[in-house]
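By convention in this document, chain letters (A, B, ...) are assigned in the order of the sequence lines, proteins followed by strands, and residues within each chain are numbered from 1.
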Amino acid sequence: MMDFSDGNQKPMNPHIIIPDEFYLSEDVVGLARDMIGKLLIKRNENDLMVSVITETEAYAGETDRASHAWNRRRTARTEVMYSNGGVCYVYLCYGMHHLLNIVTAPEGIPHAVLIRSILPLSGFDSVKKTKTGAKNLIKSGIGPGRLTRLLGIDMKYNGQSLCDGEKIWIEDCGLNFKEFIAVTKRIGIDYAGADAELPYRFVVESEIADREIKKAGLF
DNA sequence: AACAAGATTAACT
DNA sequence: GTTAATCTTGTTA
């Protein structure tokens, strides 16, 4: 068992950067599940925004009617989805919301995992007072459009690497939410026919995530 | 060139 | 429960 204490009673958070190979699995549904409970870190000018991923959806590329890359649609918008796994795919939805995806699988396979909600943990003091930040931080990261606004993610992050330690990345802090993960069909993709019924959405309630994080003595 | 639809959200009634 | 906001994209002509 690793000792994460810093010798000063205060728990130190284990920041284990995920290896690049993590993103190269072709099991995008398994990856979407595995990303639940991982930390999403965003570097700002003067601080780090640390949150835990609480909801994801898998988009399985060219064979998935719900995916932007369905039926080999390789266009200016979807090109980044064909990149080697480990970069962001950001697009504008309904003309106003930026949605954050994590591209997975080796180059040429346009898999992606949509981040649908996060639980903010630290580094959000600057947005607490804003409408976006809201009084209730637990709720402020719920919804794919809200979390990007909270984190300040826009089209500039399209194609941004998660493996260079620069602006945004994922870490493993040892949290295991497996027993709390609910699996459902995906949201807002009724146009996808039979694929709309696939069990590709993974979610853990924010209140449970909050409880488990406190129980583990993290943050 | 025109047009419909969209991996959503907030503010209504 | 319903609807406006808002604009890029993919499709059709």
**Report entry** Pairing partner (Watson-Crick or G-U wobble, both distances under 3.5 angstrom) of B/dA7
**Finding:** none
Query raised in the report: Under the 3.5 angstrom rule, does the side chain of A/Asp172 hit a backbone N or O of A/Lys38 as a donor-acceptor pair?
Result: no
Query raised in the report: Relative to each other, are the rings of A/Phe177 and A/Phe180 parallel, tilted or perpendicular (30° and 60° limits)?
Result: perpendicular
Query raised in the report: How close or far is atom C1' of B/dA7 from atom NE2 of A/His98, stated in whole angstroms?
Result: 14 Å
Query raised in the report: Separation of A/Asp190 atom CG from B/dG6 atom C1', in whole Å?
Result: 12 Å
Query raised in the report: Given side chains that start at C-beta, do those of A/Leu121 and A/Leu39 come closer than 4.5 Å, heavy atoms only?
Result: yes
Report task. Could you give the distance separating B/dA2 and C/dT6 at their P atoms, to the nearest angstrom? Result -> 22 Å
Requested in this report: Please report, rounded to the nearest Å, how far the P atom of B/dA10 is from the OH atom of A/Tyr94.
Outcome: 14 Å
Report each atom pair, protein N/O against N/O of nucleotides 3-5 of chain B, whose distance is under 3.5 angstrom.
none

Query raised in the report: Is C/dA13 paired to anything, Watson-Crick or G-U wobble with both distances less than 3.5 Å, and if yes, which nucleotide?
Result: none
Query - Nearest-Å distance for atom pair NE2/C1', residues A/His97 and C/dT6 - result: 9 Å
Requested in this report: Answer yes or no: does atom CZ of A/Arg72 have more than 12 heavy-atom neighbours from other residues, nucleotides or ligands under 6.0 Å?
Outcome: no
At a cut-off of 3.5 Å, list every protein nitrogen or oxygen paired with a nitrogen or oxygen from nucleotides 9-13 of chain C, distance to 0.1 Å.
from, atom 1, to, atom 2, distance (Å)
C/dG10, OP1, A/Thr75, OG1, 2.6
C/dG10, OP2, A/Thr75, OG1, 3.4

Query raised in the report: Can you tell me how far C1' of B/dT9 sits from CG of A/Leu99, to the nearest Å?
Result: 11 Å
Query raised in the report: Would you say A/Tyr200 has more than 12 foreign heavy atoms packed within less than 6.0 Å of its OH?
Result: no
Report summary line: Winner on side-chain proximity to A/Leu92, out of B/dA7, B/dT9, C/dT8, is C/dT8
Query raised in the report: A/Val29 and A/Val183: same hydrophobic cluster, using ILVMFWY side-chain contacts below 4.5 Å?
Result: yes
Query raised in the report: Which nucleotide, in any strand shown, forms a Watson-Crick or G-U wobble pair with C/dT6, with both distances under 3.5 Å?
Result: none
**Report entry** Atom NZ of A/Lys42: over 12 foreign heavy atoms under 6.0 Å
**Finding:** yes
Requested in this report: May I have the distance from A/Asn158 (atom CG) to C/dT8 (atom P), rounded to whole angstrom?
Outcome: 14 Å
Query - Gap between atoms CG and P, on A/Leu100 and B/dT9 respectively (whole Å) - result: 13 Å
**Report entry** Closest to side chain of A/Arg116, choosing from C/dT6, B/dT8, B/dA10
**Finding:** B/dT8
Query raised in the report: So, does A/Arg186 use its side chain to make a donor-acceptor pair with the main chain of A/Asp195 at under 3.5 Å?
Result: yes
Requested in this report: Specify the separation, in whole Å, of atom CZ of A/Arg186 and atom P of B/dA7.
Outcome: 11 Å
Query raised in the report: Can you tell me if the side-chain N/O atoms of A/Arg149 get under 4.0 Å from OP1 or OP2 in B/dT8?
Result: no
Query - Residues which pass side-chain hydrogen bond (donor to acceptor under 3.5 Å, both in side chains) with A/Tyr23, listed by chain and number, not counting sequence neighbours - result: none
**Report entry** Rounded C1' spacing from C/dG1 to B/dA7 in Å
**Finding:** 23 Å
Query raised in the report: Would the number of heavy atoms belonging to other residues, nucleotides or ligands and lying under 6.0 Å from CD of A/Glu205 be above 12?
Result: no
